[in-house]
Amino acid sequence: MPTIKAINHVAVVVEDMDASLSFWRDALGIELHEMRDVPAEQSRVAFLPLAGAEVELVMPTTEDSGIAKYLAKRGPGMHHICLEVDDIEGMLAQLRAKNIRLINEEPRTGADGRKYAFVHPQASGGVLVELYQL
Ligand code: CO
């Protein structure tokens, strides 16, 4: 049986990375571990690790990416919560069997080799859920 292991990260979509860091890093005092461009996602991501999880700030770097369209339509704010799972294929099969709507029918593989897939927010009452297998 596939098992959810942990909250891996919470992602926040931001318009202005510096303004956002002035809250998350400077005002709250969470350490900025890394910031990098993710060309495949046309975005810049800042990673702020916290007790085994992470806050990720995501800013679009082009006008027409998925994340840019999301920002234009819904404004900045919570984007998704990511749950670590030990068997992503098994979990997707389990969700399909329960008629849960998926965004990615099959797991995708990130640049770092991690497998991930998104579950449609319709299923969760409005929260975009990412599944991650490390
Ligand atoms: Co994510």
Side-chain angles (χ1 to χ4, degrees):
M1 193 98 161
T3 306
I4 299 293
K5 296 302 205 183
I7 294 177
N8 183 277
H9 61 268
V10 171
V12 177
V13 60
V14 309
E15 234 162 8
D16 178 335
M17 189 60 86
D18 290 334
S20 185
L21 283 172
S22 75
F23 173 70
W24 293 95
R25 179 191 56 196
D26 304 337
L28 287 179
I30 307 174
E31 197 178 324
L32 171 63
H33 177 71
E34 191 190 355
M35 182 151 62
R36 66 167 183 259
D37 284 314
V38 185
E41 302 290 343
Q42 300 171 61
S43 61
R44 176 170 305 151
V45 185
F47 299 91
L48 296 95
L50 192 60
E54 245 171 9
V55 175
E56 294 185 5
L57 308 176
V58 185
M59 185 185 78
T61 50
T62 64
E63 298 281 304
D64 55 355
S65 62
I67 196 88
K69 286 177 188 150
Y70 179 95
L71 182 61
K73 191 172 164 195
R74 316 222 4 208
M78 259 298 291
H79 187 256
H80 65 266
I81 180 167
C82 177
L83 303 175
E84 184 192 332
V85 62
D86 59 357
D87 170 12
I88 193 166
E89 272 97 356
M91 182 57 80
L92 291 175
Q94 174 174 308
L95 294 175
R96 258 193 302 272
K98 294 179 187 294
N99 291 315
I100 301 296
R101 186 171 166 195
L102 304 175
I103 291 177
N104 305 118
E105 291 292 333
E106 299 299 328
R108 303 176 123 198
T109 305
D112 53 8
R114 295 175 183 190
K115 290 182 182 177
Y116 67 94
F118 283 94
V119 181
H120 198 280
Q122 190 187 54
S124 62
V127 180
L128 178 60
V129 174
E130 180 180 24
L131 300 171
Y132 235 8
Q133 184 180 335
L134 300 184

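Counting starts at 1 for both ligands and their atoms, in listed order. The chain is numbered in sequence order, starting from 1. The structure presented is a predicted model; accordingly, all values stated were derived computationally and were not measured.
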Answer key: the N, O or S atom of His80 nearest to the Co ion (ligand 1) is NE2
Just checking Phe47 against His9, ring centres under 6.0 Å apart? no
For the Co ion (ligand 1), does an N/O/S atom of His79 lie at less than 2.8 Å? no
Item checked: Asn104 side chain to Phe118 backbone, donor-acceptor under 3.5 Å -> yes
> Any side-chain donor paired with an acceptor under 3.5 Å for Gln42 and Thr62?
Replying inline: yes
Return a table of donor-acceptor pairs under 3.5 angstrom between the side chains of residues 20-28 and protein atoms on other chains or two or more places apart.
residue	atom	partner	partner atom	Å
Ser22	OG	Ala19	O	2.7

Report whether any nitrogen, oxygen or sulfur of His9 sits less than 2.8 Å from the Co ion (ligand 1) (N, O or S, backbone or side chain).
yes
Under 2.8 Å: N/O/S of Glu130 next to the Co ion (ligand 1):
yes
